[in-house]
Structures are given as C-alpha cells and as structure tokens.
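Keep in mind it's a predicted model, so treat the numbers as computed, not measured. Per chain, numbering begins at 1; letters A, B, ... match sequence-line order.
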2 protein chains.
Amino acid sequence: MGNDTADQLLDSAERLVIERGFNAFSYRDLAAEVGIRTASIHYHFPAKGDLGAALMRRYTDRLDAALARLEGRTTSEAARLTGFVDLYRATGDRGAICLCGSLASDLATLPDALRPAVSAYLERSITWIESAVRRGRAAGEFHGVFDARALAESLVAGLQGALLVARAQSSTEVLDHVEAIVLRQL
Amino acid sequence: MGNDTADQLLDSAERLVIERGFNAFSYRDLAAEVGIRTASIHYHFPAKGDLGAALMRRYTDRLDAALARLEGRTTSEAARLTGFVDLYRATGDRGAICLCGSLASDLATLPDALRPAVSAYLERSITWIESAVRRGRAAGEFHGVFDARALAESLVAGLQGALLVARAQSSTEVLDHVEAIVLRQL
DNA sequence: GTCTATAAACTGATAGAC
DNA sequence: GTCTATCAGTTTATAGAC
C-alpha cells in the first residue's frame, strides 16, 4: 500500500497537473515517468476523467486529514489558522500551486464528474476557516468585526492567488503578506 | 481598424484562453469561430506562441490604458483603488477569470517568450497599487501601517484568487470581501 | 489574405495475447 | 497487470495555388 502502480500514477499525475495543467499532460508523459505503457494506465484509470477524480479524492482526503490534525491539537484558534496557512506555504515553497487551483482554472474543460469536486474542496476549506474564526470569537480570543464567512473566503482566495503570483514572480513573500493582512482582521 | 481578421482572432482566442486555458483550445476552434480555415490563421500568427504573445501585449496595453484613465481622474486615491478593483469585478461578473491568471496557471507550458509577459503584467498591477497607496499616505488620506508593497501584492493575489473561487462557486461575492478586507488596511 | 492539400506527431482509448 | 498492436481523431504547422 502506498507504492503500487496506481499510487505512482497518482503521484506523477498530481505533479504534472500542478506543473502544466490538466490538459497539458498525457498518458504518454505518465507512462514514461512510471515506466509502463500507456495502455496499462487504462487498466487503473479507464478514462482521464477517472484519473482526475481519483486525484481530487485523494487531495481532499489529505485536506481532511490535515484539518483533523489541526483540530486535534490543544492550541489557540490563531495557531490553527496559522497552521492552515502553512499548508499553502509548503506548496508555495515547492514552487507549486494548489491542485484545486490548477483544476479551477481549467474548470470548463473538466469531465462533468470532476467539476463539483473542485468546488467542494474550496467550500470545505472556507467552512473550516469560518468555524475556527467563530470559535475564536466565542472564546474571546478574537474581536474582529468582519463576517466570519467573508474572512474565510478572502483567506482562501488570497492564498490561491498568492500561489499563482508567487510562481509567476518566483517569490513566496506574497503568501506572508496575505496571511498578515487577512489574519489581522480576526 | 479593430474589426479586421487579426482582431477577431484575438477576441476569440482571448475568450477561449480565459474559458478553457491556453492548452485547451486549438486553431481549429478559432477557425470555426471566425469563419476561416486553420491555415489562414498561421498567416496572422505563424505559431501559437505568437498568438499568445499578441494576446498578452493587447491585454497589457488595455491595463495601461485603464490605469492611465484612473490616474487622469481628479479624485481620491481610495476611489482610484476602488476603480482598480472594479476592473476585476467586471471580469468576475462575466463569469470569467483574468487572462493573466489563466496563463499563470499554465506557466510551465507556455512558449519562452510568453512567460515574462505574464510576470510583467502582475508586476505592473502591483507597482501601480503600491504607488497609489504611497500617494494616499503622503497626502494624509490613508494612515495604515502595512508596507505598501505588501498591500499591493495582497490585493492582486486576493483578486486573482477571488476570480478563480468566484467561477468555481458561481458567486462573485468573494470579490467584495477581498476588497473590503484589503482596502481597510490602507 | 485565404484557400486546398498534406504532413508528422500526438491524443485518449480499445482488443486481445501473455 | 502489463504487454503489443492498432485505431480514429486532433494538433500545430507548411507548401503552393488563387
């Protein structure tokens, strides 16, 4: 488990989608990386849409695990939100963007089954942040006036855009700026 | 002028890049929309990279014109920055994302000549906002403490990400939230 | 400027042997 | 599970006539 062909294919595909976009990598690229033939890939993922769906499923599961880990910690809500930002920082430090952000920019070309998964990933991030902000306010840790949902959407949008800008400018400092400016309004 | 074949091709291509991404539209799509043959497109834009470069040149020229218009107005710096945000709002209201944001997510696959144009577009936006913030502070209109450059990067990142999120969620309210939260720190 | 004709490479995908 | 062989369709691009 974790290292069979299907997982290797997902690992390669994830990197290729993030680097090039869903429509700019092929089963051929994948085959070359993993060391099998293109026809063999179809055994694991009959159509490219199936591969994309598996990719988003795994990516969403990883998000859920990361958020659960943050919630398991005994700590302040501010530390949890910083932990959320760190997930994006790890992505930016690799020179990468979010898989979900990459797919969102190709949204119209995605197989029908894949599009809702992209929206769901963003929604899950937003509602988690919103809850953290509400808990922090209820506990007297935060005293901001902005709507919690508005703050959550702004943080996700800011971080998604920051990854895009960071890659184009070859500098991740924009992530720190977004973090400082949004989290200041808690 | 403004309606010859080359311009029609650019109009169609711009919409297709924004809607599908640079690698998910073809000269065939373009030919069908404009009503000529694919071979004829190569007369105007020998390679797809030439088309992309022309697209970014026109898009950047339009940005420059819009920023010059904002600067020509006798008004507050706050109104100018709101005017900048309105450029993105017009894009989001059409259900679109920024051409530059779309290309940024396909960055690695772009022809070499095109990549710097994407970075330059973002940099131009950032430095313009930074100047507006500095002018506003020098004039006593703003009293924020954040670094002007940090604010400018956050606004551009926030708006780029907001367009992505808005399209995925079919709701443009995220743009308003980003505007409110970032411009509050002026 | 636009056309027909054509090319060489690549695409996602299937059939069937091992 | 992986292979060979093959498919029909698509892609960017060129040559040369009109």
Side-chain angles (χ1 to χ4, degrees), chain A residues 1-56 58 102-103 106-115 117, chain B residues 1-56 58 102-103 106-115 117:
Chain A
M1 148 239 142
N3 229 6
D4 53 357
T5 305
D7 279 318
Q8 280 179 259
L9 287 168
L10 287 172
D11 289 342
S12 281
E14 184 175 310
R15 196 170 29 73
L16 287 168
V17 171
I18 285 170
E19 204 174 294
R20 309 189 197 170
F22 190 73
N23 298 298
F25 85 97
S26 67
Y27 273 31
R28 202 201 200 192
D29 301 320
L30 230 42
E33 290 206 359
V34 173
I36 58 175
R37 300 294 169 146
T38 62
S40 309
I41 303 178
H42 287 280
Y43 169 80
H44 299 279
F45 305 103
K48 205 181 179 185
D50 299 317
L51 174 59
L55 234 33
M56 272 307 297
R58 194 176 72 151
S102 174
L103 291 176
D106 294 334
L107 202 69
T109 71
L110 301 180
D112 288 343
L114 196 41
R115 239 169 290 131
Chain B
M1 150 239 142
N3 229 6
D4 53 358
T5 304
D7 280 317
Q8 281 179 259
L9 287 168
L10 287 172
D11 290 341
S12 281
E14 183 174 311
R15 194 169 30 73
L16 287 168
V17 172
I18 286 170
E19 204 174 294
R20 309 189 197 169
F22 190 73
N23 298 299
F25 85 96
S26 67
Y27 272 32
R28 201 202 202 189
D29 301 320
L30 230 44
E33 289 205 0
V34 173
I36 58 176
R37 300 292 169 148
T38 61
S40 309
I41 303 178
H42 287 279
Y43 169 80
H44 300 279
F45 305 104
K48 204 181 177 184
D50 299 317
L51 174 59
L55 232 34
M56 272 307 298
R58 195 176 70 152
S102 173
L103 291 176
D106 294 335
L107 203 69
T109 71
L110 300 180
D112 288 343
L114 195 42
R115 240 170 289 130

List in chain and number order the residues that pass side chain to side chain donor-acceptor pair (under 3.5 Å) with Glu14(A), two or more places apart in sequence or in another chain; answer none if no residue qualifies.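 Arg58(A), Arg62(A).
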Side chain to side chain donor-acceptor pair (under 3.5 Å) with Asp50(B): which residues, sequence neighbours excluded? none
If you restrict it to nitrogen or oxygen atoms, what contacts under 3.5 Å exist between nucleotides 16-18 of chain D and the protein, and what is each distance?
none

Just to confirm, is there a sub-4.0 Å distance from OP1 or OP2 of dG1(D) to any side-chain nitrogen or oxygen of Ser40(A)?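 Checking dG1(D) against Ser40(A), no side-chain N or O comes under 4.0 Å of OP1 or OP2.
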Please confirm whether the shortest side-chain N or O distance from Thr5(A) to OP1 or OP2 of dT2(D) is below 4.0 Å. yes
Scoring nucleotides 8-13 of chain C by protein non-hydrogen atoms under 4.0 Å (B base, S sugar-phosphate only, - none) yields --SSSB
How many whole angstroms separate atom [atom1] of [X] from atom [atom2] of [N]?
X: Leu9(A); N: dG1(D); atom1: CG; atom2: C1'; result: 12 Å
X: Tyr43(A); N: dG1(D); atom1: OH; atom2: C1'; result: 6 Å
X: Asn23(B); N: dT10(D); atom1: CG; atom2: P; result: 18 Å
X: Leu30(B); N: dT11(D); atom1: CG; atom2: P; result: 11 Å

Tell me if a side-chain donor or acceptor on [X] pairs with a main-chain N or O of [Y] at a distance below 3.5 Å.
X: Lys48(B); Y: Pro111(B); result: no
X: Asp106(A); Y: Phe22(A); result: yes
X: Thr109(B); Y: Ala24(A); result: no

Pair listing, side chain to side chain donor-acceptor pair (under 3.5 Å) test, anchored in residues 33-45 of chain A, at least two apart: Ser12(A)-Glu33(A), Arg15(A)-Glu33(A)
From Val34(A), Thr5(A), Leu51(A), Leu9(A), residue fulfilling side-chain contact (heavy atoms from CB on, under 4.5 Å) relative to Ile41(A): Leu9(A)
Tell me, which pairs form a salt bridge (charged side-chain N to carboxylate O under 4.0 Å, His left out) where one or both residues lie in residues 22-31 of chain A, sequence neighbours left out? Arg20(A)-Asp29(A)
